[in-house]
Amino acid sequence: MHSSGLSIIVFVVFSLIIGAVLKALMRTSRMPYTVILLLVGIGIGAINHFAIIDSESSLSVMIHQVGEIDPHLILFLFLPTLIFESAYSMEPHLFFRILPQIALLAIVGLIISMILSAFAVHWLLSWGIGASLLFGALISATDPVAVVALLKEKSSRKRLETLIDGESLLNDGTAIVFFTLFYGFALGTTVEVNSLAVVGEFIWVVSAGLAIGAFIGWSSLSMIGKLINQPLIEITISISSAYLTFIVAEYVHVSGVVALVALALMYSTLGRTRISPEISHFLHQFWEMLSYLANTLIFLIVGIVIITHTKFDTPKLWVILIVLYLFLMVIRAVTVAVLMPILERIGVGITREKAAVVVWGGLRGAVSLSLALSLAQDTNVPIALREEILFLTAGIVFLSIVINGSSMEWLLKVLHLDKLPAAKEASVQKAQQEINEQMQSFFKILRHNPFFDKVKLDSLDVLINKGEDLSKSIEEEDIEVAFMRRLLEIERSDYWRQFEEGHIGRQATFILSRSVEQALDNTPMITPRPDLEELFKAHTSPKWMSSVPFMKEYVSNWRFTYLSLSYDVARGFVTAQDEVESHIQELQPSQESGDKVRDMIDKNRSMTFAYIRYIAKEYPDLITQLQSKSANRLLLNHERSLIWQMEHEGVLEDAEAQHLIDNIETKMRMNRS
């Protein structure tokens, strides 16, 4: 049992069991899951550190081995999973809208925080400027996993979640870059730091990281795009790509974190039409599961590492730790306050209440501790400095996760951010009313079933949450915006449904979803759609091009490709407009609002049908080809769905169903080409 490999396996198994038990017990707890895990990890480490159990026992040996884990292993094993999943799960359009704010906080904000933190430790401990800047860089990396999880659970404020999560993703990379740049200066191997050289190096490692992530993303997605419904292969490629990206970037000494963010954004944008639609949802769930496992392990490990490597016998350092923690909270507040005039005017803006959450949500975590541990293992660094940096980093990580993480729910409640915005809540309640009405109808049907004929209809009231009518207390304009936004979200979802079912192709899905995202920017509107209006114009090539022999075929191919795409877009657009219209009655805040949207939808349909009539008149043979290709795609997808259904019902065995599906997917590949 003293075998190192076996001990680690046992630790992983017990960690996952501990995580599962805690997750089950904490369903109604206000304490974030990661905070509890950290405390449990510290408790496990304390068992060994304070010799509560026999040092020769298997348990003690296992805890010791975990406590001595290589910090680089923590980064290389867990960071690709956590960074990729976090960036992949973000809504890309919203991320790019907020990117100016994210970049400002993650780069300029981190530099301000790093410099002020360096001054703080220089004043408190009289460290040299190199060591102070090094510590400032590593302690400025934020890890708001507990905060983001709480926001998702309590209020579903996507913009705030994206801002906090996006800042963490990019400032991890920024912090690691500056940590590396100041390492030689702190050790005395670099005599002076040239600010221009630092800026140049920073730009290089970030831009090179972006290039590596984008290249591996494009290459891997090109491979995936050639596959049809191969979940094992597609998921394997995504995992390999994430780890390969991080390893390659770090090997050539550029930002592995930035490379991973670039890769994940490639997967969440270009990948949505490259990854087989049948497994897209499963891929998200798979990475979410990996992230959960990584967080479970890393917070337990961090707790054990803190106890194993930190010395607690210097009272002065305890006082400095508390003062430094308070300083860092003030520095975080000052940084956000300094940038606030710009943050309010770029991206999607920010309120004072949300800024307070950004300040308090600047938790420190595994990246800071891993950097401190790697420094602690370097014998070139004076031992006293190593111990002080590790103690302070571990203490700040612990205090920020426990104090800030556990009090975040209270802060959200005080700032009235613990619930959906009132207009959005009114829209949800409108949907709830429709659900209640359908539940009433369903129960009446159920009463006539002989197995339920004794159930009283009045008992249904207990099961239905009627809620309060908020629409009267909300500005009419806010309700209209929420209503319009909800319909646009329905439209966008319908495009991905059509893609999954084979109704429209990849490019059409991308164009249509992008059209919705543009409509969601600023004041959401169903119409006009300038990008689609431009696509539906009668674009013609100059007549002289068709008379040139070698150009004639080119023009013909261009026309077929362009019209095929625009026809696909038109058909998908009309289908989605019908879907949106079917939800108006249940969501409309007033009859007037509903009629207004119906008029908008009629305008969209009129524009689209006019274009379809134009194609049918000018290119009748082309319409036949397009309809035939679309029909083939629909029939093949429908046939595959029927086989899956028969397999689910037990009519076909797995092997029999797979054989039939393989034949269909061969036809799909031929139809695609």
Side-chain angles (χ1 to χ4, degrees), residues 8 38 41 45 64-83 110 114 117-118 121 125 127-128 130-143 168 171-190 201-202 205 209 243 246-260 294 297-311 364-398 400-401:
I8 295 299
L38 179 66
H64 176 74
Q65 289 174 345
V66 172
E68 296 296 332
I69 191 170
D70 185 346
H72 293 95
L73 183 61
I74 296 177
L75 288 174
F76 278 82
L77 183 61
F78 296 113
L79 214 55
T81 296
L82 295 173
I83 297 294
L110 183 132
M114 177 183 68
S117 300
V121 293
L125 290 158
W127 289 350
S132 299
L133 285 169
L134 191 69
F135 180 79
L138 73 87
I139 207 62
S140 296
T142 59
D143 185 10
S168 171
N171 83 2
D172 280 353
T174 308
I176 293 171
V177 167
F178 279 112
F179 178 84
T180 305
L181 291 176
F182 290 130
Y183 205 96
F185 186 47
L187 295 179
T189 55
T190 303
E201 183 71 12
F202 176 77
V205 296
Y243 280 90
F246 189 73
I247 291 168
V248 169
E250 290 296 318
Y251 180 76
V252 297
H253 305 295
V254 300
S255 178
V257 173
V258 172
L260 279 169
L297 289 169
I298 200 167
F299 277 94
L300 283 172
I301 291 171
V302 164
I304 294 172
V305 167
I306 286 175
I307 289 293
T308 303
H309 291 275
T310 308
K311 294 187 177 181
R364 273 59 169 183
V367 171
S368 295
L369 192 61
S370 296
L371 294 176
L373 281 169
S374 65
L375 185 68
Q377 291 184 349
D378 190 343
T379 55
N380 294 317
V381 181
I383 188 167
L385 180 61
R386 281 187 277 160
E387 291 178 353
E388 288 175 351
I389 287 178
L390 187 56
F391 175 85
L392 293 175
T393 305
I396 295 299
V397 168
F398 173 79
S400 67
I401 291 176

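Quick note: residue numbers are just sequence positions, from 1. Small disclaimer: the values here were computed from a predicted structure and weren't measured.
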Sub-4.5 Å side-chain heavy-atom contact between [X] and [Y]:
{"X": "F179", "Y": "S140", "answer": "no"}
{"X": "H253", "Y": "V205", "answer": "no"}
{"X": "I176", "Y": "L138", "answer": "no"}
{"X": "I301", "Y": "F78", "answer": "yes"}

Least distance between heavy atoms, [X] atom then [Y] atom:
{"X": "A249", "Y": "A259", "result": "CB-CB, 3.9 Å"}
{"X": "A372", "Y": "I389", "result": "CB-CG2, 4.3 Å"}
{"X": "A137", "Y": "A175", "result": "O-CB, 3.4 Å"}
{"X": "V305", "Y": "V66", "result": "CG2-O, 4.1 Å"}
{"X": "L181", "Y": "E201", "result": "CD2-CG, 3.1 Å"}
{"X": "P80", "Y": "L260", "result": "CA-CD1, 3.5 Å"}

Atom [atom1] of [X] and atom [atom2] of [Y]: how far apart are they, to the nearest 0.5 Å?
{"X": "L38", "Y": "S400", "atom1": "CG", "atom2": "OG", "value": "9.0 Å"}
{"X": "L75", "Y": "L371", "atom1": "CG", "atom2": "CG", "value": "6.0 Å"}
{"X": "I8", "Y": "L73", "atom1": "CD1", "atom2": "CG", "value": "9.0 Å"}
{"X": "L125", "Y": "F135", "atom1": "CG", "atom2": "CZ", "value": "8.5 Å"}
{"X": "R364", "Y": "T393", "atom1": "CZ", "atom2": "OG1", "value": "10.5 Å"}
{"X": "L369", "Y": "L390", "atom1": "CG", "atom2": "CG", "value": "6.5 Å"}

Describe, in one word, how the ring planes of F178 and F182 are oriented to each other, choosing from parallel (under 30°), tilted (30 to 60°) and perpendicular (over 60°).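 Parallel.
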Whether F76 and F246 hold their rings parallel, tilted or perpendicular, with breakpoints at 30° and 60°: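 F76 vs F246 ring planes: perpendicular.
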Looking only at atom types and distance, does a side-chain atom of T81 sit under 3.5 Å from a main-chain N or O of A294, one as donor and one as acceptor? no
Chi angles and distances behind the side chain to side chain contact (heavy atoms under 4.5 Å, CB included) call for V302, F398: CA-CA 9 Å; V302 164; F398 173 79; over 6 Å; no
Name all pairs fulfilling the ring pair (Phe, Tyr, Trp, His ring centres under 6.0 Å) condition that reach into residues 368-397, sequence neighbours left out, sorted by first residue then second.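 Passing the test, one end in residues 368-397: W318-F391.
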Is there a side chain to side chain contact (heavy atoms under 4.5 Å, CB included) between I401 and F299? Walk through the geometry before answering. CA-CA 10 Å; I401 291 176; F299 277 94; 3.6 Å; yes
Derivation and outcome, side chain to side chain contact (heavy atoms under 4.5 Å, CB included), residues I139 and V121: CA-CA 11 Å; I139 207 62; V121 293; over 6 Å; no
E388: salt bridge (Lys or Arg N to Asp or Glu O under 4.0 Å) partners, not counting sequence neighbours: none
